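None of the values given here were measured: they were computed from a predicted structure.
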Amino acid sequence: MSIFSYNGAAIVAMAGKECVAIGSDLRFGVQMQTITCDTPKVFKIHDKLYLGLSGLLTDAQTLHQKLMFRHNLYKLREERDMKPSTFGHMLSNALYERRFGPYFAAPVVAGLEPDGTPFLCGMDTIGAIETAKDFMITGTSPESLYGMCESMWRPDMEPDELFETVAQCLMSGFDRDALAGWGAVIHVITKDKVISRTLKTRMD
Amino acid sequence: MDVSRGASHSEAAPSTGTTIVACTYKGGVVFGADGRVSIGNYIMNRASNKIAPLSEYIFLCRSGSAPDTQIISDNVRHYLHQASAESGEEPSVLMAANLVRLLNYNNKDHLVGAMLVVGWDKHAGGQVYGVPISGTLAKEKWAIDGSGSSYIWGYCDSEFKEDMTREEAENWVKEALALAMTRDASSGGTIRMYTLDGAGVHHTYIPGDQVPQFVGDLPFPTGNPGGAVLGSAAREGGMVIG
């Protein structure tokens, strides 16, 4: 089995009208055995910036801890939070530093820039960065997720609509993936608050 | 951005990574299977039928390689049909089980089929035979097989009772399947269950949203992977490195 499908994940991020939403499944498993269903793969960096990491969970966790460390130092020096676009490029650089012994994790960055515009980007495991205006996905079943997002995304969705769309794309996407699912969590980031919701899904 | 090229559709063979469960009860047999067929981690069919009829009252629960078990069931159905035409009687479950077993044994280098032959005949009533890979034959009071069965041996051992009523047996099969489907990633989807009591074949189809659930309302996940451990260590006054 590939190292990238050892644990399993499904992550979807989408941009709406002055808001972004990012969600992931909750399964933690080792190959075909499911261990827990309360392991989200989306982590908060600051109030307007969330990071989703798929792939090998140990690398996702370590990468998250290293990035929190770097962001904390940045905050102490700059006395402000890091912009999502800056964070994306920093992450890309951090991944490429390990070009010949990479972290087996593929990130998706979702946030709101200081002026309120949504920011979405995704990377492969060695840091090739691509920004998008509509959606970004990663996980063990990318075809399913791309198919759903491509069909259901529309521009300028309000936060509630955006939540619905991300929820449906994520759920229908991971229902066809044996290694992802068992619940989902979705964060909708707007300029004044973040609304986080868990979804009760089929647990198989 | 595709990071999951391993065990993808182009490389893996379709398998009924499965859970199949069968038991005898006072009056007949109850048996069932999940509905998932996967190629690697892609769920190719989420509502498949893994229970193949071999004759009117004899069924084959299939797990292992999907094509291998389909061929075995087609072959045995054909032999049984011929045999019952020649004898003029309904075929016996033991004969069906032996035919499946012989196919498994004589082609053990090529076939990967772990199956249960379950049925009812007038000689011995309800019977359950396990026919795992390589060609053993084992008559049992209850049997389970497939990748998901690993998770339910404890449940089956502790909850099985001799001479259960039909309702108790059906619940036993349904719960065992639901528990396995929760833990095994290659089992899931739907439950198909059959009851044979000598009077006829009763088929129950349980769609995905009606499968018993064992994971209740979970607290909101903290999303702090290393943080929980480090946080509690820090609170207790210990040194935290990292």
Shortest non-hydrogen contact between Thr36(A) and Arg183(B), atoms and distance: N-NH1, 4.3 Å
Side chain / backbone / both / neither for Arg197(A) at chain B, heavy atoms under 4.5 Å: backbone
Minimum-distance pair of heavy atoms, taken over all atoms of Ala185(B) and Ala178(A): CB-O, 3.1 Å
Tyr105(B) atom OH, neighbour heavy-atom count above 12 within 6.0 Å: no
Greater than 12 external heavy atoms within 6.0 Å of Tyr96(A)'s OH: no
Atom CZ of Arg77(A) with >12 non-hydrogen neighbours under 6.0 angstrom: no
Within 6.0 angstrom of His46(A) NE2, more than 12 heavy atoms from elsewhere: yes
Contacting moiety of Ser196(A), where chain B heavy atoms sit under 4.5 Å: both
Residue selection (most heavy-atom pairs with chain B, distance under 4.5 Å) from Arg202(A), Lys41(A), Arg27(A): Arg202(A)
For Tyr151(B) against Gln33(A), the heavy-atom pair lying closest together: OH-CB, 2.9 Å
Glu78(A) atom CD: more than 12 heavy-atom contacts under 6.0 Å: yes
Contact winner vs chain A - Gly208(B), Gly189(B), Gly188(B), Ser150(B), heavy-atom pairs under 4.5 Å: Gly189(B)
Positive for side-chain contact (heavy atoms from CB on, under 4.5 Å) with Asp204(A), one of Arg46(B), Arg36(B), Gln213(B): Arg36(B)
Glu167(B) atom CD, over 12 foreign heavy atoms within 6.0 Å: no
Gln70(B) CD: over 12 foreign heavy atoms closer than 6.0 Å: yes
Smallest separation among heavy atoms of Asn41(B) and Asp177(A), with atom names: ND2-OD1, 2.8 Å
